[in-house]
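The structure presented is a predicted model; accordingly, all values stated were derived computationally and were not measured.
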Amino acid sequence: MRVKPRERAVGAVVGAAVGDALGAPFEFGPPGVFSARFPTAGYGGEMCGGGGWEPGEATDDTQMAVLVGESLLERGELDLPDMFGRFRRWAAAEPKDIGLQTEDVLTSGMPWDLAAAVHFQVNLRAAGNGSLMRASTSAVRFAGAGRAATMDAARRIAALTHGDRAAWEGTAIFHELVRVALTGADPSVRCPTC
């Protein structure tokens, strides 16, 4: 059965959200908690709650991915000030969960193009995975623009909350892997011309 590109794109975004909701009850837990709760292979067909999360409830990662997607859809282009403003309003609404670094950047009161960079200069640590965890919607949106464009968009979006280039590059690589996968190719196989 051949999977259409649109189905792959929907699967990437929905799959990221479902994976987030499946893992939410186990986030920050000790090793082995998942295996102890589900000793046989698989979940048994249902979402579970725990760790402050209701069954099927997504974390800040999916919430931010939705904000990225909404900005891209409503603005029709990469509008970084708009995206940052959405993040900032979301953070001000006191979400159930928000990464400490992301919260510091979004509540600093600094402009969109300085907040993450200044946070990094002060703390010298800003390579968390938050920019990667919210990247499914932007990876799908920019996949058709080619390798350079999707990786550039990834870096620019990551830089809104993460001042460390390591976070940017990790997110850019994820964007490229999604782009390749959406074509039907195997992203684990290196392109001979790359």
Side-chain angles (χ1 to χ4, degrees), residues 1-24 26-27 34 41-43 45 47 56-87 90 99 101-102 112-113 116 126-194:
M1 178 180 171
R2 185 159 158 39
V3 179
K4 296 176 184 173
R6 181 174 175 84
E7 292 169 343
R8 290 178 201 275
V10 169
V13 173
V14 172
V18 169
D20 182 37
L22 285 169
F26 306 99
E27 188 176 24
F34 176 85
Y43 276 95
M47 292 271 190
E57 186 177 13
T59 72
D60 57 324
D61 302 319
T62 297
Q63 293 167 21
M64 292 186 81
V66 168
L67 295 172
V68 169
E70 288 175 346
S71 177
L72 292 169
L73 285 171
E74 291 173 20
R75 305 300 289 180
E77 63 183 357
L78 183 56
D79 183 337
L80 296 172
D82 176 75
M83 202 173 284
F84 189 79
R86 290 170 193 261
F87 291 169
W90 167 78
Q101 171 187 305
T102 299
W112 72 271
D113 55 346
N129 67 358
S131 62
L132 176 75
M133 298 299 293
R134 66 173 185 248
S136 63
T137 51
S138 54
V140 166
R141 164 60 176 81
F142 289 102
R147 181 181 186 184
T150 192
M151 293 180 82
D152 178 62
R155 290 179 186 106
R156 294 172 68 196
I157 296 169
L160 289 173
T161 55
H162 292 69
D164 191 323
R165 288 185 180 273
W168 307 355
E169 293 308 314
T171 306
I173 290 167
F174 175 76
H175 266 233
E176 175 59 9
L177 292 172
V178 168
R179 186 189 71 76
V180 171
L182 290 177
T183 69
D186 182 351
S188 68
V189 177
R190 180 163 162 68
C191 171
T193 60
C194 298

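- In this structure, the side chain of W168 engages the main chain of H162 through a donor-acceptor pair within 3.5 Å.
- For R8, the side-chain contact (heavy atoms from CB on, under 4.5 Å) partners at least two apart in sequence or on another chain are V3, L182.
- Judged as a salt bridge (charged side-chain N to carboxylate O under 4.0 Å, His left out), and not counting sequence neighbours, the contacts of R156 are D152.
- In this structure, the separation between CZ on R75 and CE on M83 is 10.5 Å, given to the nearest 0.5 Å.
- Of the inter-residue distances, the one linking S71 atom OG with F84 atom CZ reads 13.0 Å to the nearest 0.5 angstrom.
- Evaluation of the salt bridge (Lys or Arg N to Asp or Glu O under 4.0 Å) test over residues 160-174, restricted to residues two or more places apart or in two chains, returns R155-E169.
- The distance from atom CH2 of W112 to atom CG of L80, rounded to the nearest 0.5 Å, is 5.0 Å.
- In this structure, the side-chain hydrogen bond (donor to acceptor under 3.5 Å, both in side chains) partners of T171, at least two apart in sequence or on a different chain, are S131.
- Applying the side-chain contact (heavy atoms from CB on, under 4.5 Å) test to A185 and every residue at least two apart in sequence or in another chain returns V180, T183.
- By the side-chain contact (heavy atoms from CB on, under 4.5 Å) test, E74 pairs with E70, R86, sequence neighbours left out.
- Minimum heavy-atom separation, A116 to T161: CB-C, 3.6 Å.
- W90 is linked by a side-chain hydrogen bond (donor to acceptor under 3.5 Å, both in side chains) to Q63, counting only residues two or more places apart in sequence or in another chain.
- When the side-chain hydrogen bond (donor to acceptor under 3.5 Å, both in side chains) test is applied to T102, no partner is found at least two apart in sequence or on another chain.
- Looking only at side-chain heavy atoms (C-beta outward), R134 and I157 come within less than 4.5 Å of each other.
- Considering only residues two or more places apart in sequence or on other chains, A149 meets the side-chain contact (heavy atoms from CB on, under 4.5 Å) condition with A145.
- Taking the side-chain hydrogen bond (donor to acceptor under 3.5 Å, both in side chains) definition, one finds that T137 meets it with nothing, sequence neighbours left out.
- When every heavy atom of A154 is checked against every heavy atom of A172, the shortest pair comes out as CB-CA, 3.5 Å.
- Each of R141, E176, H175 was scored for a side-chain hydrogen bond (donor to acceptor under 3.5 Å, both in side chains) with T150, with one residue passing: H175.
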Less than 3.5 Å apart, which donor and acceptor atoms pair up between the side chains of residues 11-20 and the rest of the protein, not counting sequence neighbours?
residue, atom, partner, partner atom, Å
D20, OD1, T59, OG1, 2.7
D20, OD2, T59, N, 2.8
D20, OD2, T59, OG1, 2.9
D20, OD2, T62, OG1, 2.7

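- L132 and G170 get closest at one heavy-atom pair: CD1-O, 3.8 Å.
- With contacts defined as side-chain heavy-atom distances shorter than 4.5 Å, the pair M47/L22 qualifies.
- Every residue two or more places apart in sequence or in another chain was checked for a salt bridge (charged side-chain N to carboxylate O under 4.0 Å, His left out) with E27, and none qualifies.
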